[in-house]
Amino acid sequence: MRIATFNVNSINTRLPALLQWLEETRPDVACLQELKAPQDKFPEAAIRAAGYCPVWHGQKSWNGVALLARGVEPQEVVRGLPGDPADEQSRYIEAVVNGVLVGGLYLPNGNPAPGPKFDYKLRWMERLQARAQELIDSGMPVVLCGDYNVIPTDIDVYKPERWREDALFRPETRAAWNELLGQGWCDALRATHPDQIIYTFWDYFRDAYGRNAGLRIDHLLLSPSLAPRLTAAGVDREVRGREKPSDHAPTWVEFDWP
DNA sequence: ATGTCCGCAAACTGCGGA
């Protein structure tokens with residue numbers, strides 16, 4: 001089974017690129033972030049014509065997440081990250097596909113830090129940790145993936161010293177990430193490639209992709225029950241180099257599944 | 001500090017967000 005995550009940076013602007021990538025790689029599940037479209041502007045017909053059944057949580061202008069399952073309707077479990085009824089940002093959706101629970105998330109950026117946006121990011125990470133613990137306790141096979149807006153370690157950024165004060169790399173952010181991993185989650189990309197430099201995002205500025213000035217911020221976490229089944233993981237890097245690309249590349253994991 | 005791309009409101013440019 002292959003599960004991929006892709007921050008599309010506008011589902012409608014990126015639709016041709018998305019359809020091309022789906023056609024080429026045919027993941028069983030694709031988790032999308034930054035739809036940047038309200039609920040009724042999601043291109044459902046085009047997605048279904050490509051052979052994928054979607055569930056999505058839209059929002060005008062910003063955020064927005066979706067799960068696409070190839071040839072089967074995902075059974076939606078949760079929409080919106082639990083733990084704060086006042087939070088109206090569309091950043092989390094969960095569904096079961098072929099017996100695997102998939103959580104797709106778009107974690108807040110948090111800049112500028114410090115400040116209210118950074119506070120929101122840290123609160124959001126606390127809520128994610130609470131939900132993640134519930135999922136571990138359930139014993140279900142789970143993949144928790146998306147744009148985490150977290151640079152885990154120095155090798156996950158082209159120039160660590162330039163990012164120390166950034167919300168994606170501050171000690172509080174990485175501490176929260178490490179607490180999450182401490183629950184028993186497996187960072188699939190890093191587990192598969194322990195020492196490699198792997199990036200999933202390149203800024204639009206200053207030809208960052210051409211200079212390979214990237215970050216690893218899109219992650220796929222496997223629950224303890226699933227981690228032993230991990231067979232491969234990678235980044236569809238070339239997608240970032242195409243016409244009208246997202247600033248993120250699709251990132252994926254494969255595991256043995258009946 | 002800069003840079004670029006996105007959606008949106010009111011338009012053919014500027015702003016917030018990333």
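Sequence lines set the chain letters: A, B, ... in the order given, protein chains first and strands last, and positions in each chain run from 1.
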**OP:** Using modelled atom types only, decide if a donor and an acceptor are shared between the side chain of A/R91 and the backbone of A/Y106 within a distance under 3.5 Å.
**Re:** yes
**OP:** Over all heavy atoms of both residues, which pair between A/Q33 and A/N7 is shortest? Give the atoms and the distance, please.
**Re:** OE1-N, 3.3 Å
Subject >> Electrostatic pair A/K60:A/D40 at N-O distance under 4.0 angstrom >> reply: no
Original post:
Taking A/N12 for the side chain and A/K41 for the main chain, is one N or O donor matched with an acceptor at less than 3.5 Å?
Top reply: yes
**OP:** At under 4.0 Å between heavy atoms, which parts of nucleotides 2-8 of chain B does protein reach? Answer with one letter per nucleotide, 5' to 3': B base, S sugar-phosphate only, - none.
**Re:** BBBSBSS
Subject >> Partner of A/R216 by side chain to side chain donor-acceptor pair (under 3.5 Å), out of A/T251, A/D187, A/T200 >> reply: A/D187
Original post:
In whole Å, what is the span from the CG atom of A/L168 to the P atom of B/dG17?
Top reply: 16 Å
Subject >> Proximity to DNA chain B (any heavy atom under 4.0 Å), residues of residues 110-119 of chain A only >> reply: A/K117
**OP:** Please report the closest heavy-atom contact between A/I3 and A/C31, naming both atoms and the distance.
**Re:** CG2-SG, 4.5 Å
Subject >> Spacing between A/E34 atom CD and B/dG17 atom P, to the nearest angstrom >> reply: 13 Å
Subject >> Whole-Å P distance, B/dA10 and B/dC15 >> reply: 14 Å
Subject >> Minimum heavy-atom distance A/K121-A/L107, with the two atoms named >> reply: CE-CD2, 3.7 Å
Original post:
Atom CG of A/N7 and atom C1' of B/dG17: how far apart are they, to the nearest Å?
Top reply: 13 Å
Subject >> Any donor-acceptor pair under 3.5 Å from A/T173 side chain to A/A167 backbone >> reply: yes
Subject >> Gap in Å between the two P atoms, one belonging to B/dG3 and one to B/dG14, rounded >> reply: 15 Å
Original post:
Distance between the P atoms of B/dA1 and B/dC5, in whole angstroms?
Top reply: 22 Å
Subject >> Gap in Å between the two P atoms, one belonging to B/dG16 and one to B/dA11, rounded >> reply: 16 Å
